[in-house]
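Below is one structure. I have some questions about it.
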Amino acid sequence: MARASARHILVDSEDKCLALKQEIEAGKDFAEVAKAHSSCPSGRQGGDLGSFGPGQMVPEFDKVVFSAELNQVQGPVKTQFGYHLLEVTERS
């Protein structure tokens with residue numbers, strides 16, 4: 001079965017999500033931005049979600065995590081929790 005490792009940043013608005021994505025693309029460290037801005041408890045670990053399989057996350061999340069290129073910031077991805085920036089760090 002497929003597995004992926006990813007990290008994410010969760011915020012409450014698409015505008016904030018886009019602004020943070022620009023900061024990361026301009027050179028800011030993803031983990032530092034997650035620690036400073038993510039409303040998810042995983043933010044304390046730089047947004048690290050660990051390893052998981054299909055169906056363990058919400059469908060919108062799974063769709064990106066199991067199809068996106070590795071180590072590229074994806075998003076905003078809207079879920080029932082808010083707006084996410086996602087970075088897939090590993091997939092097998």
Where at least one partner belongs to residues 10-38, residue pairs that pass ring-ring contact (aromatic ring centres under 6.0 Å, His included), sequence neighbours excluded:
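Sorted result for residues 10-38: empty, none.
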
S5 side chain vs T89 backbone, donor-acceptor pair below 3.5 Å:
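Here the side-chain-to-backbone pair does not exist.
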
Hey, what do you get for CD (Q45) to SG (C40), rounding to the nearest 0.5 Å?
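Those atoms lie 9.0 Å apart.
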
How far apart are the closest heavy atoms of A34 and G47, and which atoms are they?
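For A34 versus G47, the nearest heavy atoms are CB-N, 3.7 Å.
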
Which ILVMFWY residues can you reach from V58 by hopping between side chains whose heavy atoms are under 4.5 Å apart?
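Members alongside V58: L10, L49, F52, M57, F61, V64, V65, F66, L70, V77, F81, L86, V88.
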
Which atom names give the shortest non-hydrogen contact between V33 and L20, and what distance separates them?
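Shortest heavy-atom separation between V33 and L20 comes out as CG1-CD2, 3.8 Å.
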
Taking R3 for the side chain and S51 for the main chain, is one N or O donor matched with an acceptor at less than 3.5 Å?
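Yes; at least one donor-acceptor contact below 3.5 Å.
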
Approximate separation, where rounding is to 0.5 Å, of Q72 CD and E25 CD
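Separation between the atoms: 9.0 Å.
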
Are there over 12 heavy-atom neighbours, none belonging to E69, within less than 6.0 Å of that residue's CD?
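No - once you tally the heavy atoms of other residues, nucleotides and ligands closer than 6.0 Å, there are 12 at most.
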
Partners meeting side-chain contact (heavy atoms from CB on, under 4.5 Å) with E14 (sequence neighbours left out)
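Residues passing side-chain contact (heavy atoms from CB on, under 4.5 Å) with E14: L18, P76, Y83.
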
Considering residues at least two apart in sequence or located in another chain, which fulfil the side-chain contact (heavy atoms from CB on, under 4.5 Å) criterion with D29?
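Scan of D29 (side-chain contact (heavy atoms from CB on, under 4.5 Å), adjacent residues dropped) gives A31, E32.
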
Which residues share a side-chain contact (heavy atoms from CB on, under 4.5 Å) with Q22, sequence neighbours left out:
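Result, side-chain contact (heavy atoms from CB on, under 4.5 Å) vs Q22: none returned.
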
Tell me, do Q74 and H8 make a side-chain contact under 4.5 Å, heavy atoms counted?
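Q74 vs H8: side chains apart.
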
Just verifying a value: how many Å separate E87 CD and D48 CG, rounded to the nearest 0.5 Å?
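With rounding to 0.5 Å, CD (E87) is 10.5 Å from CG (D48).
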
Mind checking side-chain contact (heavy atoms from CB on, under 4.5 Å) for S13 and listing every partner two or more places apart, or none if nothing turns up?
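Testing S13 for side-chain contact (heavy atoms from CB on, under 4.5 Å), a comparison that skips the adjacent residues, returns D15, K16.
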
Looking at P54, is its backbone amide N or carbonyl O close enough to the side chain of D62 to form a donor-acceptor pair, meaning the two atoms are under 3.5 Å apart?
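Not confirmed, D62 side chain does not pair with P54 backbone.
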
